[in-house]
Every structure is written in structure tokens, then in C-alpha cells.
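Shown next, in C-alpha cells, is the structure this report addresses.
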2 protein chains.
Amino acid sequence: MNLQQLDILLAVVAAGSFSAAARKLGKVQSAVSTAISELEIDLNLQLFDRSGRYPKLTEAGARIVQQAQLVRQQCQQLTELAADLAGGLETRFCLAVDDEGQLPWLAPVLAELSAQFPKLELQVLFPLLEDLTLMLERGDADLGICFQPQQLPEQFLRWPLQQLQFAAAVSTAHVLATLAEVTTADLQQHRQLMVTGRGESLEKQRGRLSSQVWWLEGDIAVLALVEQNLGWAWLPLHVLQPAMLQGKIKLLPINSEPAQLPLQLELWQLRDKTPGPAGLWLRQRLLQLKG
Amino acid sequence: MNLQQLDILLAVVAAGSFSAAARKLGKVQSAVSTAISELEIDLNLQLFDRSGRYPKLTEAGARIVQQAQLVRQQCQQLTELAADLAGGLETRFCLAVDDEGQLPWLAPVLAELSAQFPKLELQVLFPLLEDLTLMLERGDADLGICFQPQQLPEQFLRWPLQQLQFAAAVSTAHVLATLAEVTTADLQQHRQLMVTGRGESLEKQRGRLSSQVWWLEGDIAVLALVEQNLGWAWLPLHVLQPAMLQGKIKLLPINSEPAQLPLQLELWQLRDKTPGPAGLWLRQRLLQLKG
DNA sequence: TGGATACCATCTGGAAATCAGATAGATGAA
DNA sequence: TTCATCTATCTGATTTCCAGATGGTATCCA
């Protein structure tokens, strides 16, 4: 069996006769005739009923044509994939996002990415803090979305994205929730819930006020424990919102500083790495999203 | 691009080297080498890194191999389908069942059929009474499951299947449900709900007692209207059972005849039609189900 | 370091498949 | 019946395909 034979078979079905298919394929009629004959021999099946003026598909032939179309589609996909890869498309693209709390605004962009690069194999991971920079450094991730750090690393190219508002929150059942105004001294006396990566770093101490801290991997986990009244925490507003609307938690009104603390979100990429078309597209799309 | 090239590619990946693949394929090493080379030229992609002793798939090559396997699978399916069809497998098999109320016991058999003939294209229809015989006669259906008729047709081969128990039932809210014993005279005075096909026939009058009848296509519809207290009906016990357990309907105790009326289920096939392997298997399986 | 082994790329002549064109027979419409 | 159009088959020329030989390279081991 042969790909050409299948192509010819499909052409014959589309054109309605061997001769017409031959004309359309730029071949001689005899070529088509023999190709079909040999396909019939190979499959040990009569595909056409030639008793009339025009060849007519047998029932078995019709089934075979269906399957032949599937084969052709897969071949088509293969050549398209090859063309994409030859054009430099990444075989695998890994986006590292600091915390899955970003997903709500990120998911629509990923949907666009999927439409733009249907053959791309995408991986989205949520490493926190220094875990993310480590992945970028190692080349395990191609592009990173994270918060502006206190000490700026040299090996990365960085672009600003949107600002996220952080606020301090507690369960409505918490002692702090009863106060009309809260001081940092108040905060220091209660357990603080904080986000951590899997290693140690200075970065994760940012925002620490309390001496007693529980560390959790991810905003979602922190929020869950805040709801369970296990402490207070700084969290992005959009992560807090649903629980606030349900009346489970309350924002803390802090006296000496603004109740809401803005943090700059950034897009990172290893300086000496040239991204492929999907990486370029995604970078550009994320930057224009900011404006 | 070529099917052979893809085969060779897969063989190389499996064997780990061009030479080993050649040995396994019964070809010369040069054939494999040129085949891969030309595939690379066709796809405009480097599939292997040849810098080492053994060729190593590139990342792009790995993606291509995945897709090549899909192509091969579809081709495999095509040849298997061709072999099945060449072996006489029906391109399409239509089973006609008198009423979908039979499905509970029939579905497991169809599951077995699916396992036995995975490539078969099955159609299951539920024509009633004379609609079913018409479909068999016309060749629209290959095998029929229906009730033993009053006048026996000559053009069919017939095999007995199991017996089904029929009973008369009404809604628990019906006047007849209050009686401790019911006579045919009682039944004659209330609306009877009966099954009908889409045409007219004598057969559908069987079991008619009342002068006032509503006709419905199928037991399910009849049961639904019985539950709505729109009349009484003869129905198979296994159709009545769920509604009985829910207390929606009640069986009628009839004085002069047994409360339950058995009807013989039969398997039908056009006398001069030779079935394919799936038809033969299904017939045999249904008959051994009876014993 | 040098030899042995297994690997890949390339070349070449002969075998095999493929193709275009010609021919003959068949069908269906006018 | 005639004519246009179809399919099957044959044939010689071209092209492709293949096995084998050869040379260069990577890896292992003494």
C-alpha cells in the first residue's frame, strides 16, 4: 500500500472518474487506472464497480475511503508540524508563573496562544520566588512571570507587566477583625501566613512583620488557612475578592501605611536565550496587555 | 514524503541505530541512511544528531516521530479494515428490534459484538410490528428481533428467543386500580393504550379489548401515558417493573384469564440473504442466550 | 597511543518500478 | 447508429530504488 495510491483514490472519488482524476492530478489516465487496480490487489478488495460508464464506489470502497481520508489528514498534520518546526517553532514551551493566582487573567492569553500556535506543546508551571528564577536559569522554563524582586538579577531580561494590589486580610472570626484600625504592632503579635518556595531565600521574607510565621506554597493555600482563621496574610486583591464577597474574610485597615500595597508584576527571560516564534508572540501579547 | 520513510524512521528509533534498523528490516545500511536523509530533506528538518557514535533524535525529530506513529496507526487500521472487509465483514449491519424496551438485556450482547468486531458499523433501529418486517424485506435491516406474529410469514427464517411476560397495568389513580378483580368487560369500558407502527396492519390489533384506543409508537410512550392515568395497557413485565416499584402503577388482576400473558420473542432474517460474519456471530450469540 | 569494532555517508551498476502514449473494447446520450 | 467519453492493457523509455563496496568517524580497550 502506498500514500500515492490513497491520494489517487481520493482524487478519483472527488472527481467522479479515473480520467477526470488523471486530468486533475496532471497524470495519464492509465496511471490512475493501474494505481487503483493495484490498490485493489493490495487490499484484496474491489473498491469500484466498473460495470457502468463511470466507476462507482462499492460499499467496502466507501469504508476504505473514509479510513484513507484519516490517513491523509494525519499525513497533512505531519507535514504541517514539520513546516512549523522548520520555521523555528519551539518543540516545547514552558511558561513559569509565580503563583497560580495569576491564572484568571492569564488563561485568555493562553487561549489566544493555542489558536495562534495549534501545534505547540505548552507547559505551564507555578514555581514560587527563587524556584522560578532557578527554572529560568537552568533552561527548564522559557519565560517567567513573577514579582519585581528586591535585588535585581543581571542574567535576565525584564519587562514590566501590570501592578497587583496586595492587602492584608484575616478571617472575620479573627481578633484583628474586630479592631477599627490596626497598627503594625498589632500585626506583629499574630501569626502571619506567608508564601514560600521549596528552598530558602531572602526574598520570601519580604513583607514579613510577625515573628511567628507559617509558610505555604502558593496564594491559594494561604487563603485557605486564612479562611480557617489560622492567621493573617498579605494577598493579591483578586485572590481575596471571592472570599470577601462570601463574607469569610475581611481586609485590615492599617493606620500608618496604605491599606493596599502595590507590587509590580514582571516578565522575565534568560538574557542569552533567543526565543522561538511562540515565545516572541507570547511576550509581545503580554506586554501589549499591560497598555 | 513516504510511508516507507516513516517506517524506516520508526524502525531506527526502535532499534537505536541505522545499522541495527537495517538488519531488522532486512535491508542494507545505506538504504536506511539515504531514506532518513531524504526524509530530512523532504521535511526540511534535521531529525537526528549524528555527532556521536549512535544517532540521537533531535527534539524536533521526537515530535515528528510521535506524529509518524499516528500516521502508521491509521495505516494499520486501514489495512486491518481492508482485511476484515475482504473476509466478508458487513460494511454496515442493521439490527431491527421491536421496541427499545428490549435494550436492557440486548445491550450487553451489543457490547460483546463491539469487542468481537471493532470495525463493524452498527445501526440499531426500533421499528414496530409491520414496520420491522418491511425493513427486513427491503433489506434495510439485516436481522430482526420481534414478537411471534399471528400469521406466519414465509419469506423469513425464524428462531425462537426467550418468552416475555405481558401484564395489564393502570395508574394507581385509575378507577380499575380500586377493584379487587377485573373482568374483560371492565377493561372494555376503559380506554386502552396500544403500541402501533407507522402504517396500518391487522397485527397491531392483537390484544385489543376496548373499543376506545389510543395508539402510541413504543412501550416507553405507552407506559408514560399509563403513568399519567390516561388508560390501561398490556406491557412487558420488565418495562412495568420500575414504575411498579415506585408505586406509580399497578398490575390488574384479571379473573377469567391468567394475569400474565406470555409472548414469544423471535429472531428473524430474510430467507435468501446470506449474512456476513458479524450477522452469523450475533445470531449464534442471541440463540445461545436463550438456553 | 594504536588497534578493533561498530557506526554513518556516499558512490555505482544493475534491477525494478513508474510513466506517457497508443490501442482496443464498452457505455450512454443524441 | 454515431459520437464522445470512459476503462483496461500493452510497450518502450525514463526514473527510481537497492545491494554492495568504500572511506571516514566515534567509542572502547589494551
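Just so we're on the same page: letters track the sequence lines, and every chain starts at 1. Quantities reported herein were computed from a predicted structural model and do not represent experimental measurements.
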Item to check | Any A:Ser33 side-chain N or O less than 4.0 Å from OP1/OP2 of D:dA8 | outcome: yes
Item to check | Listed nucleotide nearest any side-chain atom of B:Gln4, set D:dT27, D:dC18, D:dC6 | outcome: D:dC18
Next on the checklist: Angle between the end axes of the helix from C:dT1-D:dA30 to C:dA30-D:dT1, five pairs per end, to the nearest 10 degrees?
Outcome noted: 30°
Item to check | Atom-pair distance (CD on B:Gln5; P on D:dT16), nearest Å | outcome: 13 Å
Next on the checklist: Before you tell me yes or no, could you show the steps for A:Phe126 and A:Glu217 under side chain to side chain contact (heavy atoms under 4.5 Å, CB included), namely the whole-Å CA-CA distance, both residues' side-chain angles and the distance that decides it to 0.1 Å?
Outcome noted: CA-CA 10 Å; A:Phe126 303 101; A:Glu217 189 173 6; over 6 Å; no
Item to check | Side chains of B:Glu38 and B:Asn2 in contact at under 4.5 Å (non-hydrogen atoms) | outcome: no
Checklist entry - What residues in residues 36-45 of chain A put a non-hydrogen atom under 4.0 Å from any atom of DNA chain C? => result none
Item to check | Distance in angstrom units between B:Asp49 CG and D:dT25 P, rounded | outcome: 16 Å
Checklist entry - Out of curiosity, A:Thr79 OG1 to B:Met1 CE, how far, rounded to the nearest 0.5 Å? => result 6.5 Å
Checklist entry - Taking any atom under 4.0 angstrom from a heavy atom of chain A, which nucleotides of DNA chain C are the first and last to qualify, 5' to 3'? => result C:dC19 to C:dG28
Item to check | Side chain to side chain, B:Phe147 and B:Asp99, heavy atoms closer than 4.5 Å | outcome: no
Checklist entry - Does the side chain of B:Leu286 reach to within under 4.5 Å of the side chain of B:Trp159, using non-hydrogen atoms? => result no
Checklist entry - Within this structure, what is the CD-to-C1' distance between B:Gln29 and D:dT25, rounded to whole angstrom? => result 13 Å
Next on the checklist: For a 4.5 angstrom cut-off between non-hydrogen side-chain atoms, does B:Ile36 reach B:Arg50?
Outcome noted: yes
Checklist entry - Is A:Ser19 touching bases, backbone alone, or none of the nucleic acid, heavy atoms closer than 4.0 Å? => result base
Item to check | B:Phe117 and B:Phe93: CA distance, side-chain angles, deciding distance, ring-ring contact (aromatic ring centres under 6.0 Å, His included) verdict | outcome: CA-CA 11 Å; B:Phe117 300 92; B:Phe93 186 83; 9.2 Å; no
Next on the checklist: Quick check: do A:Thr133 and A:Trp268 have side-chain heavy atoms less than 4.5 Å from each other?
Outcome noted: yes
Checklist entry - Within a strict 4.5 Å, meaning less than it, do heavy atoms of the B:Leu6 and A:Leu78 side chains meet? => result yes
Checklist entry - Would the number of heavy atoms belonging to other residues, nucleotides or ligands and lying under 6.0 Å from CG of B:Leu157 be above 12? => result yes
Checklist entry - Any side-chain N or O of A:Arg53 under 4.0 Å from OP1/OP2 of D:dT7? => result no
Checklist entry - Does B:Lys27 put a side-chain nitrogen or oxygen below 4.0 Å from OP1 or OP2 of D:dA19? => result no
Checklist outcome for this item: Assert: residue with more 5' nearest nucleotide on DNA chain C, out of A:Ser30 and B:Arg50, is B:Arg50
Item to check | Length of the line joining B:Leu3:CG and D:dC17:P, which is rounded to integer Å | outcome: 13 Å
Checklist entry - With the threshold set at 4.0 Å, does a side-chain nitrogen-carboxylate oxygen contact exist between A:Glu90 and A:Lys273? => result no
Next on the checklist: Could you tell me how far apart B:Phe18 (CZ) and D:dG24 (C1') are, to the nearest whole angstrom?
Outcome noted: 16 Å
Next on the checklist: If you assign each of A:Gly52 and A:Ala31 to its closest nucleotide in DNA chain C, which residue comes earlier from the 5' end?
Outcome noted: A:Ala31
Checklist entry - Is any side-chain heavy atom of A:Gln66 closer than 4.5 Å to a side-chain heavy atom of B:Glu121? => result yes
